[in-house]
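As structure tokens, the structure follows; a few thoughts come after it.
Residue numbering restarts at 1 for every chain, and letters A, B, ... go by the order of the sequence lines. Every heavy atom of this structure was used, including side-chain atoms; hydrogens, water molecules and symmetry mates were not.
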Amino acid sequence: MRILTVIKQVPDSNATIRVAADGKGIDPAGLKLVCDPFDEFGVELAIQLREKRGDIEEIVVICVGGEKAGEAIRTALAMGADRAIHLNDPKFESTNELSAAWTMAEAVKKDARGFDLTVCGKYNIDMDGGAIGPALAEYLDLPHVGAVTGLEFAADGKSFTARRRIEGAEEVVTCDLPALLTIEKGLVEPRYPSLPNLMKAKKKPVSVITAAEVPDVGASIAGTDLVKLTPPPPRPDCKFVEGEPEQMARELVRLLREEAKAV
Amino acid sequence: MQGLDPSDLFRVRELLSDDERQVQETVARFVDERVLPIIGEAFEHDRFPRELIPEIASLGLLGCNIQGYDCAGLNNVCYGLVCQELERGDSGLRSFVSVQGSLCMHPIASMGSEEQKRRWLPAMARGEKLGCFGLTEPDGGSDPGNMKTIAKRDGGDWIINGAKMWITNGDLADLAIVWTMTDDGIRGFIVEKGMPGFTTREIKRKFSLRASVTSELFFENVRVPDANRLPRGEGLGAPLSCLTQARYGISWGVVGSAIACYREALAYAKQRVLFGRPLSHTQTIQRRLADMSRRITTAQLLALQLGRLKDAGNMHHAQVSMAKWNNCRMALDVARDARDLLGAAGITVECCPIRHMLNLESVITYEGTETIHELIVGRELTGVAAF
């Protein structure tokens, strides 16, 4: 079995996000970037499958992003992936998810053998977008199972049963390979790459693909354009109510009624 | 012009290689996700978080600057960054890793026999065997040349008698690197847990390094085969060379404590409103924060240059003394000031400064007190030993 894991480099969830001067993106100055934690679930799943089964031939990481995204790729390689495809060209648009998925699909199609299983996070934490997985499945003409929380392969390894949580119930689906899964939190717990593996990861092959090597997305993809990014409004000052509990309750009700007009 | 990062005003990170940055980020993440959520509670309840050992080992942090024998074989700057990130969590955790790596695995790697290396180093790197280092004695730590623990030849064996005190990891350890006086001078031995006559007792009622195990070691006619003697562990220089390794890691580690305290003080000053404005808007608070930032930055640069010298094979122990002295003093002062700046909030373990401050009272004392390091530097400057 050959597994493809999709990763994206995103700002660390603890980072303070500043809007760039042009109002159309995030200011990269001093911003800590990491491999998206949901995509790491996919990488971890692939590695765990290899640890459990003897037939995982190759785990390949694919990533659209600039030079710096090499760090996220190295994290995935240090966790245990075998090689990487880095789609690195200023022309590649990583914020337009359909465009990114299209580019990845074109790169994947260049590999005649294809992949039996493609995995990625159920969404990315940077823009809260969840289109990459389904779009990639569409462009590669693969069945797609989203937000998977449980996974079991059939004895022959050619199909699987997946569990996914939906509103008020759990859905159990079966699907034949090849297929694409997006992973929900809780399916696996990603490991930390060990320091020796971080060093070894440098020696693993990374093929860099530029815009010259894949067909232009052009007008074939509608997608979306990011036109404006604004920071959330500053939080209003917090008001503390002091005194005895009864006084406090009375004052709180008065404030809610007269100032906040909430009751 | 790019804005400045308040956590790295001088862009010291840019002086690191990609490898070094990735090592730091990996350990930082482990500390953020695994250590910080539990460490306040562990300190409060006087508990070493033993559950972290398997992950610390699988990350490759134990003996990570030792080559071969299943160790990570990283450079010394990487090792320093590992210490810095761990100590940003807690000095107790960094002490655990320092003792295992610099004080136990290092002497086995540099002074041990091939058989000793093969037997112990891979198991210690995996965290399956834990070590402690016995040099300091109840009668005083700054004068190890006058140690009272003795080893006497008895046929093919040695008989050890004496006691060691303030031994980090003592009660956890499967082996102790023990320094003894013999008829031929100081010799080092690997004393194994379970050898008859070798006992340990945990030192309780500490107000510092509470998330770390500190013990006394007792040796009563402990029979140790000559195969457990470190063949190249001879003379006072041997244990002192181990201390140089550990002090090197401390020089980096305490920068982490200071960063943790500074960050908490900065965040608090920005959000705490007094007299109608945030604390951070006042001159006195800004001067204090600026001073913390200045001292942390200079300590980082000192540690980094020390690491570069060590990686080039040119590090002198007096340089280590100056870095250990400067950086411990810096960290303790920053921690105390951060504690004070937090006001009443600063006295609980909910905020990190008081924990770091109490820990640093140990860190500035162990592995050579501040005075000893001043005198080592003084000796280097004047050519005269005044101690």
Side-chain angles (χ1 to χ4, degrees), chain A residues 9-21 26-37 40-41 43-44 47 51 67-80 185 189-204 206 234-240, chain B residues 1-9 11 13-14 17-36 52 54-68 70-75 78-79 81-82 85 125-126 263 267 270-273 276-278:
Chain A
Q9 193 182 39
V10 297
D12 185 68
S13 55
N14 292 320
T16 308
I17 304 294
R18 288 182 298 262
V19 176
I26 295 169
D27 180 3
L31 186 66
K32 190 177 165 205
L33 298 167
V34 298
C35 180
D36 190 288
E40 273 185 352
F41 296 148
V43 179
E44 178 64 32
I47 300 162
E51 286 166 353
E67 210 56 43
K68 267 198 83 72
E71 291 170 13
I73 291 173
R74 192 162 155 197
T75 302
L77 293 174
M79 285 172 74
K185 188 176 182 171
E189 178 73 19
R191 69 197 63 195
Y192 297 102
S194 77
L195 305 190
N197 285 346
L198 265 179
M199 300 300 133
K200 286 180 203 148
K202 270 194 303 190
K203 297 187 185 108
K204 292 186 176 177
V206 178
R235 256 192 275 179
D237 283 342
C238 194
K239 193 170 269 182
F240 286 92
Chain B
M1 194 180 63
Q2 203 173 311
L4 296 181
D5 176 359
S7 288
D8 186 16
L9 220 56
R11 297 160 73 164
R13 276 172 59 78
E14 290 176 13
S17 70
D18 284 349
D19 285 357
E20 290 158 358
R21 267 197 296 271
Q22 286 231 324
V23 164
Q24 180 177 16
E25 277 168 20
T26 303
V27 182
R29 185 173 165 190
F30 165 74
V31 169
D32 288 340
E33 294 176 356
R34 297 283 198 267
V35 179
L36 294 183
L52 296 174
E55 217 157 24
I56 287 175
S58 68
L59 272 163
L61 304 188
L62 301 176
C64 68
N65 56 343
I66 292 172
Q67 305 291 329
D70 298 347
C71 299
L74 303 178
N75 72 9
C78 284
Y79 172 59
L81 291 162
V82 168
E85 290 308 322
R126 287 193 301 270
R263 283 185 187 163
K270 282 181 172 174
Q271 53 109 20
R272 175 70 166 172
V273 176
R277 59 180 179 169

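Between L198(A) and D19(B) the shortest side-chain heavy-atom distance does not fall below 4.5 Å.
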Could you walk me through whether R29(B) and V34(A) pass the side-chain contact (heavy atoms from CB on, under 4.5 Å) check? CA-CA 10 Å; R29(B) 185 173 165 190; V34(A) 298; over 6 Å; no
Is there a side-chain contact (heavy atoms from CB on, under 4.5 Å) between E25(B) and L33(A)? Walk through the geometry before answering. CA-CA 10 Å; E25(B) 277 168 20; L33(A) 298 167; over 6 Å; no
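If you take OG1 on T26(B) and CZ on R74(A), they are separated by 9.0 Å, rounding to the nearest 0.5 Å. Atom SG in C71(B) sits 12.0 Å away from atom CG in L195(A) (nearest 0.5 Å). To the nearest 0.5 Å, the span separating OG on S7(B) from NZ on K32(A) amounts to 11.0 Å. Summarising the geometry, atom NZ belonging to K202(A) is positioned 8.5 Å from atom CG belonging to D18(B); distances are rounded to the nearest 0.5 Å.
For chain A, no part of V273(B) is nearby; none of its heavy atoms comes within less than 4.5 Å.
Counting heavy-atom pairs closer than 4.5 Å to chain B, the top residue among G70(A), P193(A), A201(A) is P193(A). Listed options V27(B), D32(B), L59(B) were ranked by heavy-atom pairs under 4.5 angstrom with chain A; first place goes to L59(B).
Residues P196(A) and G60(B) approach most closely at CD-CA, 4.2 Å, considering heavy atoms.
Counting only distance, with no hydrogens or angles, the side chain of E71(A) and the backbone of Q22(B) share no donor-acceptor pair below 3.5 Å.
Within 6.0 Å of the CD atom in E67(A), the count of heavy atoms belonging to other residues, nucleotides or ligands does not exceed 12.
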